[in-house]
Amino acid sequence: MLKNLVIVESPAKAKTIEGFLGKDFIVRSSYGHVMDLNKTQLGVDVDAGFEPQYEVSADKKKLVSELKKLAKEAEMVWLASDEDREGEAISWHLYIALGLKDNNTKRIVFHEITKTAINKAIENPRKIDLNLVSAQQARRVLDRLVGYELSPLLWRKVKPSLSAGRVQSVAVRLIVEREEEIKNFKSTSAFRVTAQFTFESDGQTYQLQAELPERFDKEADARKFLENCIPANYAIESIEKKPAKKSPAPPFTTSTLQQEASRKLGFSVANTMRIAQQLYESGKITYMRTDSVNLSDFALNLAKEEITSSFGAKYVKIRKYATKTKGAQEAHEAIRPTYLNQPTVKGSSEEKRLYDLIWKRTIASQMADAQLEKTVVNIGISTDKRQFVANGEVILFDGFLKVYMESSDDENTEDRQGMLPPLKMGQHMNLSEMTAQQRFTRHPARYSEASLVKKMEELGIGRPSTYAPTISTIQKREYVVKEDREGEIRKYKQMTLKGGKLTEKTASENTGSEKSKLFPTDIGTLVNKFLCQYFDSIIDFNFTANVEKEFDEIADGRKKWNHMISEFYGPFHKKIEDTTENAGKFSGEKLLGVDPKTGKNVFVKVGRFGPMVQLGDTESEEKPRFAGLRKDQTMETIDLDEALALFSFPRTLGTFEEKEMTVAIGRFGPYVKHNGQFFSLLKTDDPADITAERAIELIEQKREKAQQSIIQEFEQDAEMKVLNGRYGPYISFNKSNYKIPKGTDPQKLTYEDCIKIVENPDNAPKKRFVRKKK
DNA sequence: CAGTGAGCGAGCTTCCGCTTGACTT
């Protein structure tokens, strides 16, 4: 007879806990939520007090029936999902789905996975907190109503398959608005003057770099200053030293881990989470989806021991960090190594690097402050009232800097301040070189995936478990693209004073280049404009923060969840109806000009398949012509000539092997079509002036490549081939592809083997349109 | 590392938050 069944959310956690509890307990996992609103409908009965229509999720049916069976056999079921809103709902859904009864069900919670914590939890069971469940229900229903009423409106007014939601639409808004700021940014320039000095002290020669605090807006003023310095003498007029300290950053949360892994290791947000998951599953780190900066006493003790033995007792400073994050629920610890006495782990190089980062950050968070001495030196100019300034920094005690220093998003990283040479008051300085260089102000930085997560966390939008999926959703919907972009060459002026002579030159620098940054697309910009115009309250940056306050009131029992929803839904739904009724198509249509050949109007707008140009009016007798924009074109920047060029496809290039070659632009970019086959143009090829010779070259190149990928061909049947593809060898037959069973040598397959594989109904080709959900 | 390649229309699409697999042909 089974005595106790414990259910937690994560299987890795289940495994660990089972070890602590002994043979009277078996521990299983719910793998997150087990029930959700019906997916194909609204899933909320609006007329019946917003009654949610829950069902066991399709992928949880099997699991739920297994758990149900175990629950029946058990004397006591312990619901041990996380201690937050979602966790409470998971317990409640388990209670319903497993048909549990009050007399054999207990709800327990723990924040750290140690034997003591678990035993303490078992000794202090409670009941499911139905107010907290109601708060989750309000959250769930609100998100469903917003998402499932706004999205269909977008399908009607803008373009099919689009989506909108409380979280993703704000993420898109941030990116669109940042791009607008950048577009409207006016760069100004000023001259920055730096000087390189040398001096003698105790028979040695030293160098000193200094800067003039003042910037000159006008070139003439900078020149005047430099000219004025030609006959000058320089000497130290003051030396000021003051102590300073630096403190370590708190341990990692999901958001800060994503940011640091992006800055220090160049990982994408999704990649970081995938690697962290692997570390978690192999027991090397604690849970990776958390908003807490808290470390358990167990971890603090280990940190103390580790720091003491590696660096000495004076490096230890145990600290308790408190979260500053809006809406943090802190059901878990911060992300830390399970065993802090292991500075390295086995695994892939990515796992090692991420673990190293986590280990260092955790250890550093419990180390002493670094003690610094900052020095400011003023150097007087005999011919001018102004002074040059040299800054120095000396580390008196390194403290946590011994292991870890957080990096910053700031791109204008100042030159690192180092140690200054030995200096004395009145010390005479020889100028070796003085430069006035024109510097330009920079526009606000575009978001990277990680800096967007940071911003969302600040606004309290999204949760640790959704940061990475949200970022992938807005890219999948093509609201946003992650790209590198080349910068532009910009000229700047530089004046140099050296050896008593002033020289001037104009040099150039590359500016504005971007790497892995998020850019809004035409669709993203248009959808954002639509939502701003009709649903500004939903994409307001404070919307989430405001509803969170109400969720808290529901959790405290001060407010009924469906009253809150009702107050929101009334005006919201009315706005949906009004907009459905009264707003026209929202296509972003713009008149580019008139086609000189036909005299017809040329427009650019968003159509069924995305941004396109249109030749002729929609209302006119004659049907207008349409053509999609190329990937490298945008609605905002396309001009009349470029638009007209798009109507010149498909265009005949000539004949090759007695068949016609045409060039056209398709879904995947420009291509050449020949004898029913397609050949993509390279990025360097311009479809507007591609020649027949180049087209033939492309055709032959592709044939050669196809030849190389052939592993086997068969005399009996030209349709049957064994090919080498992206996922390894496969069989191609009648335009369908088939997997080769594991352990088979593709070289040795006979024609008969291939027929067998192709005819096996298990290998029947899957239907093409099966697009993954999400 | 392969191949993909529309057309003005039938039926489809969609949210957020909690969890991992299964595995591309």
Side-chain angles (χ1 to χ4, degrees), chain A residues 8-13 29-37 39-43 57 59-60 63 81-82 84-87 89-90 93 136 139-155 159-169 277 281 287 289 331 461-467 469-470 473 477 544 607-610 612 618 623-628 650 664-673 676-680 702 705-706 708-709 723-733 735-740 757 763 765-766 768-774:
Chain A
V8 296
E9 289 183 37
S10 147
K13 209 170 173 180
S29 152
S30 74
Y31 292 80
H33 277 291
V34 293
M35 295 185 93
D36 194 13
L37 303 176
K39 233 170 55 149
T40 53
Q41 306 153 38
L42 188 59
S57 314
D59 55 338
K60 296 290 166 59
L63 174 79
S81 48
D82 298 343
D84 58 16
R85 208 160 60 200
E86 298 297 327
I90 288 174
H93 291 155
Q136 189 276 345
R139 199 280 304 155
R140 182 67 191 93
V141 167
L142 178 85
D143 282 337
R144 172 54 70 89
L145 291 172
V146 169
Y148 271 40
E149 294 213 350
L150 268 184
S151 301
L153 186 62
L154 289 177
W155 306 342
K159 185 176 172 296
S161 300
L162 295 176
S163 66
R166 174 176 61 82
V167 172
Q168 60 166 285
S169 296
Q277 177 92 28
E281 282 174 15
Y287 197 57
R289 289 186 276 263
I461 294 165
R463 303 275 313 130
S465 67
T466 60
Y467 294 138
T470 301
T473 299
R477 298 265 175 278
T544 291
R608 174 90 176 68
F609 301 104
M612 63 178 189
T618 314
K623 258 192 172 180
R625 281 186 70 195
F626 300 98
I665 294 173
R667 277 204 286 167
F668 311 109
Y671 63 93
V672 169
K673 193 173 175 184
Q677 285 180 304
F678 298 88
F679 307 88
S680 286
K702 191 176 164 184
K705 222 173 170 185
Q708 281 167 2
S709 69
L723 302 174
N724 205 5
R726 185 160 58 136
Y727 308 113
Y730 67 100
I731 294 170
S732 163
F733 180 63
K735 303 216 162 174
S736 290
N737 300 324
Y738 302 85
K739 236 188 338 189
I740 295 175
I757 291 169
N763 298 333
K766 307 240 157 58
R768 280 220 94 92
F769 64 81
V770 182
R771 274 258 297 267
K772 280 276 183 219
K773 47 207 152 101
K774 272 190 219 177

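It should be emphasised that the depicted structure is a prediction, and the values quoted were computed from it without experimental measurement. So you know, we letter chains A, B, ... as the sequences are listed, proteins then strands, and number each from 1.
- Here the separation of dC12(B) from dC16(B), taken at their C1' atoms, is 22 Å to the nearest Å.
- Taking the C1' atom of each, dT24(B) and dG3(B) are spaced 14 Å apart, rounded to whole Å.
- Note on Gln136(A): nothing from the nucleic acid sits closer than 4.0 angstrom, heavy atoms only.
- By the salt bridge (charged side-chain N to carboxylate O under 4.0 Å, His left out) test, Asp36(A) is found to be paired with Arg140(A), residues two or more places apart in sequence or in another chain being considered.
- For dG5(B), the base has a donor-acceptor partner in the side chain of Ser680(A) [N/O atoms by modelled type, under 3.5 angstrom].
- Between the C1' atom of dG17(B) and the CG atom of Leu145(A) lies a distance of 16 Å, rounded to the nearest Å.
- The residue Asp59(A) sits apart from the nucleic acid: no heavy atom pair falls under 4.0 Å.
- Taking Phe609(A) as the reference, nothing meets the ring pair (Phe, Tyr, Trp, His ring centres under 6.0 Å) condition, with sequence neighbours excluded.
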Please evaluate residues Ser163(A) and Arg477(A) with respect to the criterion side chain to side chain donor-acceptor pair (under 3.5 Å), reporting the C-alpha separation (whole Å), side-chain torsions for both, the decisive distance (0.1 Å), and the verdict.
CA-CA 8 Å; Ser163(A) 66; Arg477(A) 298 265 175 278; 2.6 Å; yes
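- Residue-level contact check: Thr466(A) touches the bases, meaning some heavy atom is under 4.0 Å from a base atom.
- The base of dT14(B) lies outside donor-acceptor range of the side chain of Ser163(A), with no N or O pair under 3.5 Å.
- With a cut-off of 3.5 Å on both pairing distances, the Watson-Crick and G-U wobble pairs of DNA chain B never assemble into a stem of 3 or more.
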